[in-house]
Amino acid sequence: MRLSVAAAISHGRVYRRLGLSPRSRLDLLRNLVTALVRHERIETPWARADEMRGYAERLIDYAKRGDKDERAMRMADFWLTEKDLIHKLFKVLAPRFQPHAGSYTRLLQIPNRDGLDRAKMAVIELKGNPLPPLVRPRRDSDRTLLNQLLKGYRQDAQRARGTPV
Amino acid sequence: MAVLVLVRSPLPRLRALLQRCWGRLERGLWPGIFGGHSPPWGPALAVQGAALVPQGIGDAEAPSLPESVVWMAAPKHRRTIEVNRCRRRNPNKLIEIKRNIDVCPECGNLKQKHVLCGYCYAKVKEETQLIRMEIKKKEGGPFNAPTVETVVLYEGEKPTEKDEGKRIIERARKRPSWFVQN
């Protein structure tokens, strides 16, 4: 029976190692969460955005409890370094996401960074933000065979409904 | 280790000459034959320099090495260009071809299937930059985040009943076609 883990095996570890130390990792993620709440859309390396996403969504879940909740206020106080954003979180974001059950953020990959490192970059945004949309939802083209057949079927059904009346 | 084949000649004088030459080669008294290096059956590095230098003949050619020398691996033969080509052009060394490149339906530039189009993203980024400059002008200073939602209106647009109570950001241009008002 294995009672200790070998140092070089990382099976099942979910947290990435970012920054200089575990404390530095939390500070990094905290800065990113603050920036996301302030600007509602940020562009950062993909690994950091992916790591930060879970923390941001849990913070919004805490905010949904309301600002009278002691734990929610302590969480917001820790995670948001700029204290005017605590007001924004409880008064703007919590009502905005009240109807949603989860997944308040959208993470999309963008072309690699232009610098020397060519890092994998991502843009993470809160849904329902007032900024221009990143991806336009596209309907399938009407010229495909399946869509033409469906269109014909719909027209036949309409004609059949039209004549008896 | 190369093996020198001694040719058995019927002439005894030739045989005596060959035996003398062989003796000299074995004792390392004939370094000139291999262009200054030791005979091919010797090891890559000598352990004891003193053992190879014969007594009584000066140490003119003997290299002065320290007592303990480490054996190192060294290539024995030159890799031919054919072998080199086989190694360099092996499929695992070539760059993988990407089959996930598509055409963006909006602008027609190339994009990877799972990545946003670079041109369209640059367009959106530039517009958000201008919107953020307007927000900065409206807020006036740092740490003035509003406690109400924000809505962006372009030239000639009036706030609808959905935009009640929201902070209005004006942009002095026509609404772009890809930014649908909702």
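In what follows, chains carry the letters A, B, and so on, assigned in the order in which the sequence lines appear, proteins first and then strands, with residues in each chain numbered from 1.
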Quick check on [X]: does its [atom1] atom have over 12 non-hydrogen neighbours (other residues, nucleotides or ligands) under 6.0 Å away?
{"X": "A:Arg41", "atom1": "CZ", "answer": "yes"}
{"X": "B:Arg87", "atom1": "CZ", "answer": "yes"}
{"X": "A:Asp114", "atom1": "CG", "answer": "no"}
{"X": "A:Arg17", "atom1": "CZ", "answer": "no"}
{"X": "B:Lys138", "atom1": "NZ", "answer": "yes"}
{"X": "B:Glu96", "atom1": "CD", "answer": "no"}
{"X": "B:Arg78", "atom1": "CZ", "answer": "no"}

Nearest 0.5 Å please: distance from the [atom1] atom of [X] over to the [atom2] atom of [Y].
{"X": "B:Asn144", "Y": "A:Lys88", "atom1": "CG", "atom2": "NZ", "value": "12.5 Å"}
{"X": "A:Glu43", "Y": "B:Lys125", "atom1": "CD", "atom2": "NZ", "value": "3.5 Å"}
{"X": "A:His39", "Y": "B:Thr128", "atom1": "NE2", "atom2": "OG1", "value": "10.5 Å"}
{"X": "A:Arg136", "Y": "B:Phe179", "atom1": "CZ", "atom2": "CZ", "value": "12.0 Å"}
{"X": "B:Ile169", "Y": "A:Leu131", "atom1": "CD1", "atom2": "CG", "value": "10.0 Å"}

Which one, [options], leads in non-hydrogen pairs under 4.5 Å with chain B?
{"options": "A:Ile110, A:Leu85, A:Val37", "value": "A:Ile110"}
{"options": "A:Val135, A:Val123, A:Asn129", "value": "A:Val123"}
{"options": "A:Leu93, A:Leu89, A:Asp84", "value": "A:Asp84"}

Handout entry: Hphob cluster co-occupancy, A:Val14 + A:Trp46, side-chain heavy atoms under 4.5 angstrom
Key = yes
Exercise for the section: For the residue pair A:Pro133 and B:Val180, establish whether any side-chain heavy-atom pair is separated by less than 4.5 Å. Expected result: no
Practice task
Examine whether an atom of B:Phe143 lies under 4.5 Å from a heavy atom of chain A, and if so say whether it belongs to the side chain, the backbone or both; otherwise answer neither.
Solution key: both
Practice task
Counting only heavy atoms closer than 4.5 Å, note whether B:Val148 contacts chain A via side chain, backbone, both or neither.
Solution key: backbone
Problem - Contact summary for B:Gly118 and A:Pro111, nearest pair of heavy atoms - result: CA-CG, 3.8 Å
Exercise for the section: Can you see which heavy atom on A:Pro130 is nearest to which on B:Val152, and at what distance? Expected result: O-CG2, 3.7 Å
Exercise for the section: Please flag which part of A:Leu108 lies under 4.5 Å from any non-hydrogen atom of chain B: side chain, backbone, both or neither. Expected result: side chain
Practice task
Check the pair B:Gln112 / A:Gln109 against side chain to side chain contact (heavy atoms under 4.5 Å, CB included), numbers first and verdict last.
Solution key: CA-CA 10 Å; B:Gln112 278 191 301; A:Gln109 191 181 343; 5.5 Å; no
Completion exercise
Counting heavy-atom pairs under 4.5 angstrom with chain A, the leader among B:Cys120, B:Pro146, B:Pro142, B:Ala145 is B:Ala145
Practice task
Give the member of B:His114, B:Lys111, B:Arg132 that has the highest number of heavy-atom pairs under 4.5 Å with chain A.
Solution key: B:Arg132
